[in-house]
Each structure stands twice: as structure tokens, then as C-alpha cells.
Visitor: 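Got a structure for you, questions after.
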Amino acid sequence: MNLIDEIKTRKTFAIISHPDAGKTTITERLLYYSGAIRQAGTVKGKKSGKFAKSDWMAIEKERGISVTSSVMQVYYGDYHINIVDTPGHEDFSEDTYRTLMAVDAAVMVIDSGKGIEPQTKKLFEVCAMRGIPIFTFMNKLDRDGREPLDLVSELEEVLGVDAYVMNWPMGMGKNFLGLYDLHNQRVELTHPEDANGEDFLPLNDAGEVEGDFAFKKSSIYTQAMEDAQLLREAGNEFDLEAVSRGKLTPVFFGSALTGFGVQTFLDAFVDFAPSPAAQTTQKDELVPVDSEELTGFIFKIQANMNPAHRDRIAFVRICSGVFEPGVDVTLQRTKKKIKLSHTTQFMADTRETATHSIAGDIIGLYDTGNFQIGDTIYSGKTEVQYPALPQFTPELFMKVAPKNVMKQKSFHKGIEQLVQEGAIQLYKTFHTNEYILGAVGQLQFEVFKYRLKEEYNAEVVMTPMGRRIARWINEEDLDQNLSSSRNLLCRDRFDAPVFLFENEFAVNWFKDKHPEIELTTLF
Ligand code: G4P
């Protein structure tokens, strides 16, 4: 297969959702259909505390959760799929957001009993910022949930995206008959035994199933037909170009738990989700995916995989060329030449040495401290630099100080390195130069504390400040008198002035008082 054809088989995506919407369950289904696991339900047993994938950090074992995004590579039909996990729950962190910089599409799983929840919205916004396609799966149709029309209009209103309904549920919960599939022009039945064992029945030109089947007498079927007719007439047009820009999201219904509708969804997803495309560099030049030169960027660093060796893995999203073991690359930031001989790729259940990876693939480089998040590597003579990864506005803050003043040096060194690595954000109070840590998820603090002790032998005292709203201002607007207990004035690590507001009320109060001052966020 030539390189371009091979790249077309790659689908690199993340699943975004609010905790408990069914991300893990749908991932398991995908692993099951791809043959990577023999039984759905084996990857994670939250209740039994088993977690099969990663036990990289002791903290993970203690808490029975996965700390950082993991990567999985599986085969689905002719496709080579790379799934990048976006940790939720307590393990939500900046890594969750950064992961989305390395994917070409996102699957958004929504609990149909709940609709759009806060974390889904945040993750959606990061995807929307990148303009990547988003495919929506309305999950848990085996339970009674909200009205489908209600869910779709909420999706459009709350997220500001157009929806295109690919299939429509015929009932739900105990009365879930199946899917009226507008895209495939068929009906998919939850009880094929009621239709001579057929899972799928084609629709005729009038949009009806032909033949004499009991389910056709149900008002649920006629209602679905009517809804479908309405969607055909009044709904959005399917426009693949709008899908690929993230402006139109194809919407599917189903149940990850029973598996119903999941394969239908995945089949459409691999058909419509884009394969890796040319990436734009910092200088606004396009690097073709089939370039002779290997290029890629580091979107995540996983430290402490083996505490005895202090090893780290840098996760590289390959953007062009072919990776083969022993390839020489230049690290753009330092211009250092590095031979990539010690690498890994992440299969569903094992880690293997990477032997052949191309655009869209993600490989892990064993790192002894060379790499930073956002670094570009390239194998050619011409320098390539991909744009820096965005920083995200933290929402949680914590004052931090060394426990033992005699260990100031290791405290400062540790903080500096962990901040540089992107593990956490650092602020200093304007007047007193106290250290404040900022994070998007609570776990970042715990990982920070743990790593500072394990890796730098520095113990810290942390004082929670709770939730704050960080807003940056221009240097010229800076006036120390603006600071109060409700809007603590700080500087970020690049010395830019930033207010940490107590709450939304304090932000609005400030805006009213100082309409001339522009307040900005990182993202
Ligand atoms: P997450 O990764 O998005 O956090 O969600 P996860 O897949 O772990 O699912 C959260 C809970 O919702 C699980 O139940 C799971 O079994 C259930 N679930 C997922 N998909 C469906 C579905 O299509 N229908 C129904 N009825 N339930 C679904 P749990 O009891 O909290 O956890 P577990 O210990 O059984 O895994």
C-alpha cells in the first residue's frame, strides 16, 4: 500500500463526555468489535477496583483510576484506529484538554437521560476551537430518557452547533424497538426475532418497512416515521464539509451497554471522520502528510512510569513521514539531534516497540529529560515548528509553600520543572510573591505534591483557595489599587498580570466599575 492510501486508513480521535455518560463502555464496545478483547466489560470494573490499562504511577494504584490520558491503537475493519483517552472524574486535568490537540475528530457521548452536562460542554468548546469534526452518540436508550427532539435542540442551543440526525430512536427504555436509520435507509431492530431474525429491514421510497411485521402496528413505529419525515423536511441538510469543520455534528442514538446501535455508529464514524491531513506550522506553512520528512509534536509527557529510573514517556503525534526505529530527528526547541531508538506504541492490551508509524499515529519516546510538552521533532534539514499548544484557564487554586525552609532549593527546582512540563500552572501574588498553583482538575494538585516529594524530595504545605475565575488584563491597565480580597492580583509565570476573582459576581462588579479594562482568558 502506498503511503497516502495507508494514511487514509488512520482515524485518530478522542471520546469526550461528562463522567458516567458511557465513554468507557463505548470504548469497550469498540475494542470488542475490533477483536482486541473477547468480551465487552473486561477493560474496567469500577466496582471491583480492577483497572487493566495503566498502573504507571503509584498514585493511580492507590486510587484505582487512570491519572493521565492513555492511548490505544486498534483495528476496525480496514481502519487503523488511534483512540486517545480524555480522563474525566477526579482525574480531569489539563492533559484532558491537551489530548484534544492531537486528534483529528471527537466522539461526544451524551447520556440521553441527562443531556448536555458541564464537562461535555467544556470539552466540546476545546474541540470547537480547533474546528475538528464532532460525532454525537446519544447513549443509554435502553433506559427511559429525555425526548429525542428535546435532546437534539438542546445540543444545538447549548453548544451552538448544527445537528444532523443520522438515526432516530423508535421508543426507549422497555419500549425501545430500535432505530429508524435515515442515513442507511433501514430500520434496525432490538428484537430481530420479531422480524424473522433480521436485524435490519430496508425502507422503501415512502420511508416504510415493507411486509407484515407486528412492530409496524405499534404507535412507536409510526411516531418514529412521522418524526423522521419532519426531520427530512425541516432538519439540516447533510454536508460533509460542514461536518469536517465541526459546524455540523452527525447525531446517532443507541445503547453502549447493550451494544445496540454502536456498530452502526462506528461504521458511519470511520466513513466520515477525516484521516490525518496536512498540518500548519508556526510559519503558516503546510506540511504534507506524505512528506519524506518525519515530523511530529509532543502533546503529553508521562513521568515516573518507573520511579526507580525516573523514566518519562513523551507522547508524539506523528504529522508526516514514516517513523522507523533508529531514525534521527532534531528537537526544534534545542536543535539537539536525537536518535529515536527507544520507543513504544500502545496496543489495546500491550505496549510494543514501535516499528512503523505514520501520520495520525501516536508513539511514546522514552525520555531522559529532553522533551517538553509542545515540542516539535523533525527528521529533515529544514526546521519545522508546530504551533505551541494552548494553555487553558485554570479554575482551581491552591497556595503552596515548602514545608521545610531548608529545602527551598529543591522546592524551587521542582516547581520550575513541573510547571515547564505543563503539569500545573504557577502564579505569584503581586505584593507578597506568594506561590499559587492553578489547575483545571483537583488531581493535578495531588500529582504535583506527590511528584515534588518523590522526584525532588521536597515536601509542601498546600492551602486550598478553592474555585476562582482567572482573568488577564493588559500591562498598561495595571493598577495595584484595583486589587482586593475579591480579586487577588497576581502575575503568571510569564509575568503577565492576572486577577483571581472570587466568583462571577465579583467579575461582574469589576466590569461595571472598570468598563475600560479588558478582561481576557487563556482559552
Ligand atoms: P464513563 O467512562 O463515561 O464515566 O462512563 P462508563 O462507561 O463507566 O459508564 C457509567 C455507568 O453507566 C456504568 O454503570 C455503565 O454500566 C453505565 N452505562 C454506560 N452505557 C450505558 C447504556 O447504554 N445503558 C445503561 N443503562 N447504562 C450504561 P455503573 O453501574 O456506574 O458502573 P459499572 O461498575 O457497572 O461499570
Side-chain angles (χ1 to χ4, degrees), residues 22 26 29-30 33 76-77 79 107-110 112 133-143 145-153 155 162-173 175-240 242-243 248-273:
I26 206 165
R29 281 281 153 197
L30 173 59
Y33 296 130
Y76 184 76
Y79 292 98
V107 168
M108 179 163 70
V109 179
I110 292 171
S112 58
I134 298 163
F135 295 76
T136 304
F137 187 80
M138 299 284 187
N139 192 25
K140 306 198 184 181
L141 260 286
D142 58 299
R143 281 192 197 160
R146 289 172 45 187
E147 281 304 316
L149 270 177
D150 193 26
L151 288 167
V152 173
S153 41
L155 178 79
D162 289 335
Y164 179 82
V165 171
M166 301 290 274
N167 55 41
W168 197 245
M170 301 193 294
M172 61 176 81
N175 298 318
F176 188 28
L177 295 186
L179 294 172
Y180 186 96
D181 189 335
L182 292 108
H183 170 60
N184 292 301
Q185 284 298 303
R186 66 187 186 194
V187 155
E188 181 173 354
L189 295 165
T190 47
H191 294 291
E193 62 276 15
D194 297 342
N196 305 331
E198 298 289 334
D199 290 304
F200 305 107
L201 295 170
L203 295 174
N204 63 19
D205 291 344
E208 280 186 55
V209 170
E210 285 182 6
D212 182 22
F213 299 109
F215 74 87
K216 286 178 64 183
K217 298 194 179 71
S218 159
S219 60
I220 292 174
Y221 166 73
T222 35
Q223 179 68 49
M225 263 193 342
E226 279 172 32
D227 288 349
Q229 191 52 32
L230 195 75
L231 289 164
R232 280 195 199 93
E233 284 163 12
N236 292 306
E237 298 261 309
F238 185 74
D239 174 356
L240 193 53
V243 172
L248 182 72
T249 178
V251 178
F252 303 78
F253 288 82
S255 159
L257 190 67
T258 64
F260 190 80
V262 177
Q263 224 162 346
T264 298
F265 165 67
L266 291 171
D267 288 341
F269 173 76
V270 289
D271 272 352
F272 294 128

Visitor: Heavy atoms only: give me the nearest E188-G261 pair and the separation to one decimal.
Guide: OE2-N, 3.9 Å
Visitor: How about CD on E193, more than 12 heavy atoms from neighbouring residues, nucleotides or ligands closer than 6.0 Å, or not?
Guide: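 Atom CD in E193 is crowded, with more than 12 foreign heavy atoms closer than 6.0 Å.
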Visitor: Roughly how far apart are D181 CG and F200 CZ, rounded to 0.5 Å?
Guide: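 One finds 8.0 Å between CG of D181 and CZ of F200.
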Visitor: Hey, which of F135, F260, F252 is the one that makes ring pair (Phe, Tyr, Trp, His ring centres under 6.0 Å) with F265?
Guide: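 That would be F252; it is the only one of F135, F260, F252 passing the ring pair (Phe, Tyr, Trp, His ring centres under 6.0 Å) with F265.
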Visitor: Counting N and O atoms only, with roles assigned by atom type, does the side chain of N139 sit under 3.5 Å from a partner on the main chain of A256, one being a donor and the other an acceptor?
Guide: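 At least one qualifying donor-acceptor pair exists.
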Visitor: Determine whether a donor-acceptor pair (N or O, by modelled atom type, separation under 3.5 Å) exists between the side chain of Y180 and the backbone of G207.
Guide: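 Yes, Y180 side chain to G207 backbone: donor-acceptor pair under 3.5 Å.
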Visitor: Just by distance, no angles: are the side chains of Q223 and D227 close enough, under 3.5 Å, to form a donor-acceptor pair?
Guide: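 Yes, D227 and Q223 have a side-chain donor paired with an acceptor closer than 3.5 Å.
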Visitor: Any sub-3.5 Å donor-acceptor pair from K140's side-chain atoms to G22's backbone N or O?
Guide: no
Visitor: Is the closest side-chain heavy-atom distance between D162 and T249 below 4.5 Å?
Guide: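 Counting from C-beta outward, D162 and T249 never come under 4.5 Å.
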Visitor: How long is the gap from CG on N167 to CZ on R186, to the nearest 0.5 Å?
Guide: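 Reported value, rounded in 0.5 Å steps: 9.0 Å.
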Visitor: Are the side chains of Y79 and D271 in contact, using a 4.5 Å heavy-atom criterion?
Guide: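 Yes - at least one pair of side-chain heavy atoms lies under 4.5 Å apart.
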Visitor: Got a second to check how far R146's CZ is from M172's CE, nearest 0.5 Å?
Guide: 10.5 Å
Visitor: What are the two closest heavy atoms between V251 and A163, and how far apart are they?
Guide: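 So the minimum-distance heavy-atom pair works out to CG2-CB, 3.8 Å.
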Visitor: Is there side-chain contact between P148 and F253, with at least one heavy-atom pair below 4.5 Å?
Guide: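 Yes; the side chains approach each other to less than 4.5 Å.
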Visitor: Heavy atoms, side chains only, cut-off 4.5 Å: are D267 and T264 in contact?
Guide: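 SC-SC contact between D267 and T264 ruled out.
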Visitor: With heavy-atom distances below 4.5 Å as the criterion, would you say the side chains of D194 and F213 are in contact?
Guide: no
Visitor: Going from CD1 on I134 to CG on L248, what distance comes out if it is rounded to the nearest 0.5 angstrom?
Guide: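 Atom-to-atom, I134:CD1 and L248:CG are 11.0 Å apart.
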Visitor: Rounded to the nearest 0.5 Å, how far apart are CG of L179 and CE of M170?
Guide: 7.0 Å
Visitor: Specify the closest pair of heavy atoms between T222 and S219, including all atoms of both residues, with the distance to one decimal.
Guide: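 So the two residues come closest at OG1-O, 3.1 Å.
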Visitor: Within the distance-only criterion (no hydrogens, no angle test), does the side chain of Q185 pair as donor or acceptor with the backbone N or O of L182 below 3.5 angstrom?
Guide: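 Checking the backbone N and O of L182 against the side chain of Q185, a donor-acceptor pair under 3.5 Å is found.
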Visitor: What pairs meet the side chain to side chain donor-acceptor pair (under 3.5 Å) rule with one or both residues in residues 195-209, with sequence neighbours excluded?
Guide: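 Found N204-E210.
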Visitor: Should L201 and F215 count as side-chain neighbours, where that means a heavy-atom distance under 4.5 Å?
Guide: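 The answer is yes, as the side chains (C-beta and beyond) meet within the 4.5 Å cut-off.
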Visitor: Measuring only between side-chain heavy atoms, which start at C-beta, is L155 closer than 4.5 Å to M108?
Guide: yes
Visitor: State which residues pass ring-ring contact (aromatic ring centres under 6.0 Å, His included) with Y164; sequence neighbours excluded, sorted by chain then number.
Guide: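 Partners of Y164 under the ring-ring contact (aromatic ring centres under 6.0 Å, His included) test: F238.
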Visitor: If you round to the nearest 0.5 Å, how far is OG of S112 from CG of L141?
Guide: 5.0 Å
